[in-house]
Number of protein chains: 2
Amino acid sequence: MTESIESYALDEQVGYLLRLANQRHASIFQSHTLEGLTPTQFAALIRIAELGKCSQNRLGRLAAMDVATIKGVVDRLRQKGLTVVEPDPDDKRRTLISLSPEGGEMVARMKDVGQQITNETLKPLTAAEQRNLIRILRKIS
Amino acid sequence: MTESIESYALDEQVGYLLRLANQRHASIFQSHTLEGLTPTQFAALIRIAELGKCSQNRLGRLAAMDVATIKGVVDRLRQKGLTVVEPDPDDKRRTLISLSPEGGEMVARMKDVGQQITNETLKPLTAAEQRNLIRILRKIS
DNA sequence: ATTCAATTGTTTGTATTATAATAAACAAAG
DNA sequence: CTTTGTTTATTATAATACAAACAATTGAAT
């Protein structure tokens, strides 16, 4: 049995390593974040700040989240009082999402924290490796 | 509001890019996998094959999964008939996990598929970039 | 202009993975 | 032998993702 396994090294597969890297990043994120914001919620918040008021679906597409995922994320952000949800008067299918004042403040505060999180995640790497990783990840995303 | 955001480019943060890379890999994985096996379940299966019979906790540690996560994963693998679960006669706390014959066959078949999945995930990169990515990911995991 | 098919947007149900808290079994020291 | 601390496993809860269903809009052909 064993010899047929040796040839497949789990510890060198890109999928396995991506999961580990994500785990480490999530753990660093959690130790820095405010109000229990998750990386996904944070990403959505930043996108809303960039886009201004927009439909839930559009937000999901631009934040790389499934329609069901973005709904859950927006719901939780609204529960935390960070977003405002309202129907679109021009299109009855749509729900418009925007930042609440508290959401705006949160984004401002989280920007610095976000940079810290990135720095700590990349800390084991040289400056060249850091640039390389970002460049390569963008190519396979 | 906008100018305070410009300085934080979500699309270049390592955490966001890791999530995107994971999404793409998961999607490729799903299009190749047998019996609806997830990347996590696959990793656990490979580890069991490497380790032989071992406790659930030890398996979790070596597959980089939380105690609760590995329990869920093992449960689902058992439901699919791929693993065998039995109490440890020497330590009543422990549950011993091993591959069923079907699990062994699955591992053998999945090895090739796993390589294909890795290749397809890395396809947008040059050979040097592929090696670089693996090396760098190992450093930050 | 009207109808009908195709598209777009949202929601709901279900599955998987992850975090936190609890309980049971064991080991080691007094 | 009992107390104290550690390891192992389970349960409850939360977050994310996929699939299917449903509702509103758009557009094309008559």
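Keep in mind that the numbers below use all heavy atoms, side chains included, and drop hydrogens, waters and symmetry copies. The sequence lines fix the lettering, A, B, ..., with proteins before strands; numbering per chain opens at 1.
Proximity of Gln23(A) to the phosphate of dT19(C): no side-chain N or O atom is located under 4.0 Å from OP1 or OP2.
Scored by the side-chain contact (heavy atoms from CB on, under 4.5 Å) test, Arg135(A) finds Asn132(A), Lys139(A), Glu129(B) as partners (sequence neighbours excluded). Residues meeting the salt bridge (charged side-chain N to carboxylate O under 4.0 Å, His left out) test with Glu35(B), sequence neighbours left out: none. The salt bridge (charged side-chain N to carboxylate O under 4.0 Å, His left out) check on Arg93(A) picks up Asp91(A), with sequence neighbours excluded.
Counted within 6.0 Å of CZ on Arg58(B), heavy atoms from surrounding residues, nucleotides or ligands total 12 or fewer; the atom is thus considered open.
A salt bridge is defined here as a Lys NZ or Arg NE, NH1 or NH2 lying under 4.0 Å from an Asp or Glu carboxylate O, and Lys123(B) with Glu120(B) fails to meet this definition. Glu86(B) and Lys53(B) are joined by a salt bridge, as a carboxylate oxygen and a charged side-chain nitrogen come within less than 4.0 angstrom of each other.
Proximity note for Val73(B) (side chain, C-beta onward) versus dA17(D), dA19(D), dT17(C): the nearest is dT17(C). Looking at the side chain of Arg76(A), the nearest of the listed nucleotides dA17(D), dA15(D), dT19(C) is dA15(D).
Taken residue by residue, residues 31-45 of chain B places heavy atoms nearer than 4.0 Å to DNA chain C at Thr38(B), Thr40(B), Gln41(B).
Following rounding to the nearest Å, Asp90(B) (CG) and dA25(C) (C1') show an atom-to-atom distance of 13 Å. As a whole-Å value, the separation of Asn22(A) CG from dT16(D) C1' is 12 Å. Distance CG (Asp66(B)) to P (dT13(D)): 17 Å, rounded to an integer number of Å.
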Below 3.5 Å between N/O atoms, which protein atoms pair up with nucleotides 9-13 of chain C? Just atom names and distances, please.
from, atom 1, to, atom 2, distance (Å)
dG9(C), OP1, Arg94(A), NH2, 3.3
dG9(C), OP2, Arg61(A), NH1, 3.2
dT10(C), OP1, Thr95(A), N, 2.5
dT10(C), OP1, Thr95(A), O, 3.1
dT10(C), OP2, Asn57(A), N, 2.5
dT10(C), OP2, Asn57(A), OD1, 3.4
dT11(C), OP2, Gln56(A), NE2, 3.2

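Of all the heavy atoms in Leu10(B) and Ala43(A), the pair that sits closest is CD2-O, 3.6 Å.
Here Val14(A) sits in one hydrophobic cluster together with Leu17(A), Leu18(A), Leu122(A), Leu125(A), Leu133(A), Ile134(A), Ile136(A), Leu137(A), Ile140(A), Val14(B), Leu17(B), Leu18(B), Leu122(B), Leu125(B), Leu133(B), Ile134(B), Ile136(B), Leu137(B), Ile140(B); the rule is ILVMFWY side chains under 4.5 Å apart, joined directly or through other members.
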